[in-house]
Amino acid sequence: MTPNFIVKDPASVEPYGVDWSVWLAELGTTGSPPEEAIIDESTYRVSGKDAALTLTDASIVTGSVSTQVRLNGGTVGVRYKVTNRIVASTGDADEFSFTVLVQNK
């Protein structure tokens, strides 16, 4: 399970991933011959009080069942909402959001 709350230092550049494997497995298989559902598209966006937390290097990883993004910067004491939206090979789409609290570590 992917956590929905993380704490990061404003000076750190940290990778963060979302594991979609359970949701994709629930979609079943598609095509002929049947293939397990995978992630076809992934986008990340961030919202918050300011634009100091930035996202870079978004990618689809781990056999196309997980996504990853790097979190850069942020303002101490500010909470940001990061949302990952994916589209599966079946055409189904979903979003997962998590909160990032920036604090000095």
Side-chain angles (χ1 to χ4, degrees):
M1 163 102 11
T2 303
N4 60 5
F5 183 84
I6 62 170
V7 177
K8 89 172 267 321
D9 188 277
S12 70
V13 177
E14 299 180 24
Y16 185 80
V18 177
D19 180 357
W20 291 94
S21 59
V22 172
W23 183 79
L24 291 165
E26 291 172 356
L27 297 178
T29 57
T30 62
S32 180
E35 295 182 4
E36 295 292 324
I38 59 172
I39 300 168
D40 275 349
E41 300 173 32
S42 172
T43 56
Y44 276 89
R45 68 181 183 275
V46 63
S47 60
K49 186 170 91 174
D50 61 31
L53 181 71
T54 60
L55 310 176
T56 59
D57 301 328
S59 61
I60 300 170
V61 295
T62 317
S64 297
V65 297
S66 296
T67 63
Q68 184 174 298
V69 69
R70 289 196 178 278
L71 307 177
N72 305 286
T75 302
V76 173
V78 175
R79 291 177 189 250
Y80 300 89
K81 180 180 176 182
V82 177
T83 301
N84 179 210
R85 176 177 168 72
I86 65 155
V87 178
S89 55
T90 59
D92 296 286
D94 201 0
E95 292 185 350
F96 176 80
S97 296
F98 57 94
T99 300
V100 177
L101 173 60
V102 179
Q103 289 185 336
N104 289 317
K105 291 185 181 180

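Since this is a predicted model, take the numbers as computed values, not measurements.
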_Quiz question: by atom type and distance under 3.5 Å, do the side chains of T43 and N84 form a donor-acceptor pair?_
no
Please lay out, stage by stage, how T99 and F5 fare under the test side-chain contact (heavy atoms from CB on, under 4.5 Å).
CA-CA 5 Å; T99 300; F5 183 84; 3.8 Å; yes
Using side-chain contact (heavy atoms from CB on, under 4.5 Å), reason through L71 and L55 one step at a time and then give a plain yes or no. CA-CA 5 Å; L71 307 177; L55 310 176; 3.3 Å; yes
TODO: State, yes or no, whether a side-chain contact exists between V18 and S66 at a heavy-atom distance under 4.5 Å.
DONE: no
Value for CG (D40) from OG1 (T90), rounded to nearest 0.5 Å, stands at 8.5 Å
d(E95 CD, R45 CZ) to nearest 0.5 Å is 4.5 Å
Taking the side chain as every heavy atom from C-beta outward, state whether V102 and D9 have any atom pair closer than 4.5 Å. no
Kindly work out whether a path of hydrophobic side-chain contacts (I/L/V/M/F/W/Y, heavy atoms less than 4.5 Å apart) joins F98 to I39.
-> yes
To the nearest 0.5 Å, atom CD of E36 lies from atom OG of S21 at 11.0 Å
R70 meets the salt bridge (Lys or Arg N to Asp or Glu O under 4.0 Å) criterion, sequence neighbours left out, with D57
Checklist entry - Any sub-3.5 Å donor-acceptor pair from S89's side-chain atoms to I38's backbone N or O? => result yes
message: Can you confirm whether the side chains of W23 and D92 place a donor and an acceptor under 3.5 Å from each other?
response: no
Validation: residues 46-54 side-chain donor-acceptor distances under 3.5 Å, sequence neighbours left out:
{"unit_1": "D50", "atom_1": "OD1", "unit_2": "A52", "atom_2": "N", "d": "3.1"}
{"unit_1": "D50", "atom_1": "OD1", "unit_2": "Y80", "atom_2": "OH", "d": "2.5"}
{"unit_1": "D50", "atom_1": "OD2", "unit_2": "T75", "atom_2": "OG1", "d": "2.6"}

Sorted by chain and number, sequence neighbours left out, side-chain contact (heavy atoms from CB on, under 4.5 Å) with E14 holds for K8, S12, K105
Between S97 and V82, is any pair of side-chain heavy atoms under 4.5 Å apart? no
Considering only heavy atoms from C-beta outward, does the side chain of T67 approach that of I86 to under 4.5 Å? yes
Between S64 and L24 the two heavy atoms that sit nearest each other are O-CD1, 4.0 Å
query = Under 4.5 Å between any side-chain heavy atoms of Y16 and P3, yes or no?
reply = yes
